[in-house]
Amino acid sequence: MYITYCRNQRSLDPVDTTQYRRDATAGEYRPTYLIRVSDWKKVPGKQVKTGYCALSYVWEQSGDAVQKENGEYDCIDKGRHCIVEGYDMEKGDLTTMTLTEEEKYEIQFIPLTRSMATIKHVTYEELLRQICKDFEIEYLWYDKICINQSDDEIKLREIKQMHKIYGNACYTVAVVPEVHVYDPKDFDIIAPLYEDIEASTKAWSDMTQKSLWWKRSWTLEETMLSKRILVIGTDTHFWQHSFHTCDIPTAYNPFSIWMLDFANQQQGGGSINQALNQAHFRTSSKEHDKIFSLANIFPDIFKNMRINYETDIKTTFNHFYRTIATHDLSILCFSSNLSVNGKELVVNTMKNHNLPSWTGVSGLHLDKPVVITATWLQSQHSICDDMLLHISTKYCKTLSVVPYDFGIFSPLSHDKYQWNQQFDEFVKLQEAKGLCDTFDEDTLLDWAIKMERILTCHATHYYQQDAPVIKARPLSLTEDCDECIILPILLKSYSLLIGRIEELPSLKFLGGYSHDYFLPVIKKYEDAANGTKERCKAIGIYYLGNTFYKDLISDDPDEILNSIFGDDAHSEAKEFIIQ
């Protein structure tokens with residue numbers, strides 16, 4: 001496919017970020033080769049003393065996708081990309097321009113508010129060169145030129161350096177043509193829900209719901225390895241950096257909250273559940289790339305993993321998840337992936353590989369950093385060749401749980417939409433009181449709404465007992481049950497406390513963190529295929545509360561676990577085998 005780039009770009013940033021881009025510095029590492037923009041020549045990276053930018057794009061948008069005899073795809077560039085200039089965004093109408101039918105099709109993403117524009121047809125490289133000149137980029141890393149595409153050994157070697165290439169760039173340039181201006185008036189309208197201009201709200205909708213770029217596995221890796229990002233759309237752009245590693249106020253969105261500068265985020269870096277939250281709906285032209293891109297996000301864990309497309313795909317998937325779970329059991333922090341009406345919130349692209357339940361493939365991982373802050377296990381957990389997770393502990397607790405009256409698993413199926421109605425009424429009441437971030441927790445509904453607003457988790461069941469900590473707490477489960485088991489693995493997530501700038505409401509700054517605590521939930525079942533041996537499934541999380549709202553009697557991990565499991569110790573350790 002071919003894309004359009006309008007040189008008269010309109011910035012979505014609430015303040016001028018040009019100087020931020022100019023001042024952005026690169027790390028010490030330099031890629032093997034870079035492109036010098038002034039003459040578009042490939043030069044050795046070690047010769048470049050100044051910084052460079054790294055390109056993030058979708059290869060299908062660089063030309064015509066053509067399938068080769070071996071079944072793989074190539075992209076043929078016939079020079080039909082468009083550079084548009086000489087128009088006035090505020091005046092005129094695109095229909096007054098003299099365009100061929102083909103040009104009208106190619107410029108379809110541009111709103112009908114242009115006049116006196118001219119179109120120049122170019123190759124993708126010519127389009128990139130123009131973008132770099134317009135945004136004052138001197139050196140660019142572009143995989144198609146900077147990596148010898150005919151040498152598989154070199155390609156694999158360079159793929160393993162991606163974390164260095166993107167992590168050391170001044171910033172990443174993301175070409176996302178689906179992002180565009182609908183109406184210049186949208187820059188003057190504030191969307192109250194997001195405290196941002198309407199143009200920015202629409203741009204984010206285009207990016208997350210319509211763009212190919214947001215759905216690809218490699219672009220997730222490229223984003224999470226980057227320190228900063230410049231998103232360039234058809235006729236608009238915006239600049240973004242991380243809340244965690246920069247003291248300059250920025251817009252509040254997924255980039256700033258948890259994606260950018262992933263490895264260097266405060267609290268010890270990003271966690272596996274954040275990457276899986278996005279990775280489970282991403283796609284790639286090769287199934288192996290879903291794993292290889294994820295592995296690059298965690299280079300220290302997978303430094304010895306060989307990128308080999310000849311390896312059986314199931315073996316590749318199993319190796320990745322076994323390595324991750326052996327290293328970090330926070331992979332168990334996932335919630336229900338079902339909306340109130342029972343439909344998937346996110347269409348999971350990992351379901352075709354028969355993965356075990358503990359990978360969270362049937363749920364949705366939290367998009368916040370999660371760490372294990374304490375465990376009361378008797379020995380190191382292990383994963384056998386059959387991908388069964390073995391956990392041994394003397395401490396566990398069986399809960400009798402009930403589904404919410406108006407929820408995913410409610411027997412009152414015809415009344416499921418009442419959940420949304422109650423939620424909306426609750427929010428309106430809170431906002432009327434000026435208590436948008438206050439929760440009384442007098443009712444189970446309050447707990448569920450709190451869980452959803454803070455964590456974006458949908459409560460499905462609840463457990464109520466007159467005991468400290470575990471009174472009237474919600475669960476988010478991937479399947480229905482009336483009895484489940486909680487394990488003494490205390491999961492702790494970090495939620496951002498955001499400060500606001502009154503003069504520019506779309507700008508925010510990090511005011512600190514609050515902490516939420518969870519326990520993983522499993523469910524017993526009989527494995528008929530293995531002589532009815534008792535097995536377990538990982539089915540979600542049990543929410544204990546948030547420290548900011550003083551839900552817990554203590555912030556000490558051992559005290560929390562003791563308040564729940566202290567009276568339930570078994571004389572001998574029990575092994576749970578989780579499929």
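All residue numbers refer to positions in the sequence shown, counting from 1.
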- request: Indicate yes or no: at least one non-hydrogen side-chain atom of N296 is less than 4.5 angstrom from one of W218.
  value: yes

T460 and S336 have their tightest heavy-atom pair at CG2-CB, 3.9 Å

message: Please determine whether the number of non-hydrogen atoms from other residues, nucleotides or ligands lying under 6.0 Å from atom CG of D312 exceeds 12.
response: yes

Hey, are the side chains of S330 and V371 touching, using non-hydrogen atoms and a 4.5 Å cut-off?
no

Inset, instruction - Give a yes or no answer on whether the side chain of R473 reaches the backbone of L544 with a donor-acceptor pair at less than 3.5 Å. - result: yes

Interatomic distance, CZ@F509 vs OH@Y252, rounded to 0.5 Å, equals 13.5 Å

To the nearest 0.5 Å, atom CG of L345 lies from atom OG1 of T456 at 10.0 Å

task = Show the numbers, then the answer: is there a salt bridge (Lys or Arg N to Asp or Glu O under 4.0 Å) between K574 and E534?
result = CA-CA 12 Å; K574 179 175 178 56; E534 186 177 273; 3.6 Å; yes

Margin query: Is a donor from one side chain sitting under 3.5 angstrom from an acceptor on the other, for N253 and Q240?
Written below: yes

- Item | Residue E572 excluded, over 12 heavy atoms near CD under 6.0 Å | no

Separation between CZ (F518) and OG (S335), nearest 0.5 Å, reads 8.5 Å

On a heavy-atom basis, the closest approach of I408 and S339 is CG1-O, 3.1 Å

**Message:** Suppose we call two aromatic rings close when their centres sit under 6.0 Å apart. Are Y309 and F292 close by that rule?
**Reply:** yes

When rounded to the nearest 0.5 Å, the distance separating CZ of R500 from OG of S506 is 12.0 Å

- Task: Could you walk me through whether E221 and K290 pass salt bridge (Lys or Arg N to Asp or Glu O under 4.0 Å), step by step?
- Result: CA-CA 10 Å; E221 173 211 355; K290 293 179 182 178; over 6 Å; no

Discussion item. Between T245 and D261, do the side chains contain a donor N or O and an acceptor N or O under 3.5 Å apart?
Written reply: yes

Would a 4.5 Å heavy-atom cut-off, applied to side chains only, mark I391 and I578 as touching?
yes

Does V346 offer a backbone N or O that forms a donor-acceptor pair with the side chain of N337 under 3.5 Å?
yes

Below 4.5 Å, heavy atoms only, C-beta onward: do T375 and L561 meet side chain to side chain?
no

Interatomic distance, CE@M224 vs CG@L260, rounded to 0.5 Å, equals 9.5 Å

Quick note, ring pair (Phe, Tyr, Trp, His ring centres under 6.0 Å) partners involving residues 329-373, not counting sequence neighbours, are H280-H365, F317-H353, F334-H365

Does D289 offer a backbone N or O that forms a donor-acceptor pair with the side chain of S293 under 3.5 Å?
-> yes

- Quick one: are F565 and L519 in side-chain contact, heavy atoms under 4.5 Å? yes

Subject >> Pair H288, N308: side-chain N/O donor-acceptor within cut-off below 3.5 Å >> reply: no

* To do: Classify the side-chain pair N277/W258 by whether it contains a donor and acceptor separated by less than 3.5 Å.
  => no

task = Could you please spell out the steps behind the side-chain contact (heavy atoms from CB on, under 4.5 Å) verdict for W447 and Y543?
result = CA-CA 9 Å; W447 271 102; Y543 183 44; 3.8 Å; yes

dist T393:OG1 -> I489:CD1 (nearest 0.5 Å) comes out at 8.0 Å

Of all heavy-atom pairs linking A374 and D558, the shortest is CB-OD1, 4.4 Å

So T315 and I313, do their side chains get closer than 4.5 Å, heavy atoms only? no

(message) Let's go through D516 and K368 carefully: what are the C-alpha distance in whole Å and the side-chain angles of both, what is the deciding distance for salt bridge (Lys or Arg N to Asp or Glu O under 4.0 Å) to 0.1 Å, and is it a yes or a no?
(response) CA-CA 10 Å; D516 293 88; K368 296 172 174 57; over 6 Å; no

| Just by modelled atom types, is the D556 backbone N or O under 3.5 Å from a matching donor or acceptor in the E559 side chain? | no

| Distance-only donor-acceptor check, side chains W214 and T219, under 3.5 Å | no

Parallel, tilted or perpendicular, as decided by the 30° and 60° cut-offs, for the rings of W204 and F238: tilted

Centroid separation Y395 to H570 less than 6.0 Å = no

Distance only, no hydrogens: is a donor on one side chain within 3.5 Å (strictly under) of an acceptor on the other, for S200 and D196? yes

Has the side chain of N168 got a donor or acceptor atom that lies under 3.5 Å from a matching backbone atom of K164?
-> yes

Here the pair of heavy atoms bringing S256 nearest to T250 is CB-CG2, 3.8 Å

**Asked** Is the closest side-chain donor-acceptor distance between T283 and R216 under 3.5 Å?
**Response** yes

Verify whether one side chain among T172 and E222 offers a donor that lies under 3.5 Å from an acceptor in the other. no

Report task. Please check if any side-chain donor atom of Y404 sits under 3.5 Å from a side-chain acceptor atom of H458, or the reverse. Result -> no

Short side-chain to backbone donor-acceptor contact, H381 and L389, under 3.5 Å = no

All heavy atoms of M451 vs all of S476, minimum pair found to be CE-CB, 3.8 Å

| For H244 and Y513, what are the C-alpha separation, side-chain angles and deciding distance, and is it a side-chain hydrogen bond (donor to acceptor under 3.5 Å, both in side chains)? | CA-CA 10 Å; H244 305 266; Y513 296 89; 2.7 Å; yes

Open item on the list: Could you check whether any side-chain N or O of S205 sits under 3.5 Å from a backbone N or O of T201, counting only pairs where one atom can act as donor and the other as acceptor?
Closed with: no

Heavy atoms of A459 and P474 approach each other most closely as CB-CB, 3.9 Å

Practice item. Compare all side-chain heavy atoms of L355 with those of N318 and state whether any distance is below 4.5 angstrom. Key: yes

Please check this pair: side chain of S226 against backbone of R228, looking for a donor-acceptor N/O pair closer than 3.5 Å. no

- prompt: What do you reckon, are the aromatic ring centroids of F255 and F243 less than 6.0 Å apart?
  reply: no

*Measure from the side-chain N and O atoms of T547 to the backbone N and O of H515, and report whether any donor-acceptor pair falls under 3.5 Å.*
yes

Would you say the ring centroid of F302 lies under 6.0 angstrom from that of F320?
yes

Just by distance, do the side chain of K227 and the backbone of G167 share a donor-acceptor pair under 3.5 Å?
yes

Test salt bridge (Lys or Arg N to Asp or Glu O under 4.0 Å) on E479 and K523 and set out the steps. CA-CA 10 Å; E479 58 183 71; K523 171 185 175 181; 2.8 Å; yes

